[in-house]
Amino acid sequence: MSDPKLQRADGCSVFFSLIIGIILVSAYFLFQMFFDEKNENVSKKMISDQRSVKIMEFKNDSTTLESKIIEYHNEKNSSLESAMKKTTDSYRPKPNKAQ
């Protein structure tokens, strides 16, 4: 049969194994806490800055387009009105063919 003394774990090696495990686990969480949070804040700030730039560009483009549309309609209003008058004045209905 096998010797039971050889199968027992040495108390010192188990203690050091637990300490090393605790150190590695705590190092992992500390590493994750310090480095991931900074990267997340930087990426959130970058995304926020990009969004604000795009929003401002959109507002500027929208304002420019709106002013161009208003200007176009103001310029074409009189000519559009005269064209509509000419069309209504020159309109003659087609005669119905009675059968």
Side-chain angles (χ1 to χ4, degrees):
M1 295 222 168
S2 61
D3 189 12
K5 290 183 181 182
L6 295 176
Q7 291 180 354
R8 291 184 193 156
D10 185 29
C12 188
S13 65
V14 171
F15 177 72
F16 284 122
S17 296
L18 288 174
I19 288 180
I20 290 173
I22 290 170
I23 290 172
L24 289 175
V25 169
S26 62
Y28 170 75
F29 285 114
L30 288 173
F31 179 78
Q32 185 179 11
M33 183 176 66
F34 286 119
F35 291 105
D36 286 346
E37 191 173 295
K38 289 179 184 176
N39 291 337
E40 188 175 308
N41 288 338
V42 170
S43 64
K44 284 183 180 180
K45 181 163 176 39
M46 268 182 26
I47 290 171
S48 177
D49 291 344
Q50 288 174 351
R51 283 183 179 170
S52 63
V53 167
K54 288 183 181 181
I55 288 170
M56 289 306 296
E57 287 176 359
F58 176 77
K59 285 182 179 179
N60 291 338
D61 289 345
S62 177
T63 306
T64 304
L65 180 64
E66 185 177 338
S67 66
K68 285 182 180 179
I69 289 172
I70 290 171
E71 181 180 324
Y72 175 79
H73 284 295
N74 286 339
E75 288 176 3
K76 299 295 180 178
N77 190 18
S78 62
S79 63
L80 181 62
E81 184 179 348
S82 63
M84 288 172 56
K85 270 193 178 237
K86 287 179 187 176
T87 303
T88 54
D89 290 342
S90 67
Y91 178 71
R92 290 189 175 80
K94 295 180 182 178
N96 285 339
K97 293 182 182 179
Q99 291 183 2

Quiz item: CZ/Arg51 to CG/Asp49 distance, rounded to the nearest 0.5 angstrom?
Solution: 11.5 Å

Exercise. Under the salt bridge (Lys or Arg N to Asp or Glu O under 4.0 Å) rule, collect the residues that match up with Asp61, sequence neighbours excluded.
Key: none

Quiz prompt | For Ile22, all residues meeting side-chain contact (heavy atoms from CB on, under 4.5 Å), sequence neighbours excluded | solution = none

Quiz item: Other than Ile20, what residues sit in its cluster of Ile, Leu, Val, Met, Phe, Trp and Tyr side chains whose heavy atoms are under 4.5 Å apart, directly or through others?
Solution: Leu24

Quiz item: So, the side chain of Thr63 versus the backbone of Lys59: is there a donor-acceptor pair under 3.5 Å, distance only?
Solution: yes

Exercise. Identify, with sequence neighbours excluded, every residue that meets side-chain contact (heavy atoms from CB on, under 4.5 Å) alongside Tyr28.
Key: Gln32

Practice problem: List, by chain and then residue number, the residues other than Val53 in its hydrophobic cluster (Ile/Leu/Val/Met/Phe/Trp/Tyr, side-chain heavy atoms under 4.5 Å); write none if there are no others. | Solution: none

Self-check item: Contacts of Leu65 that satisfy side-chain contact (heavy atoms from CB on, under 4.5 Å) - sequence neighbours left out
Solution: Ile69

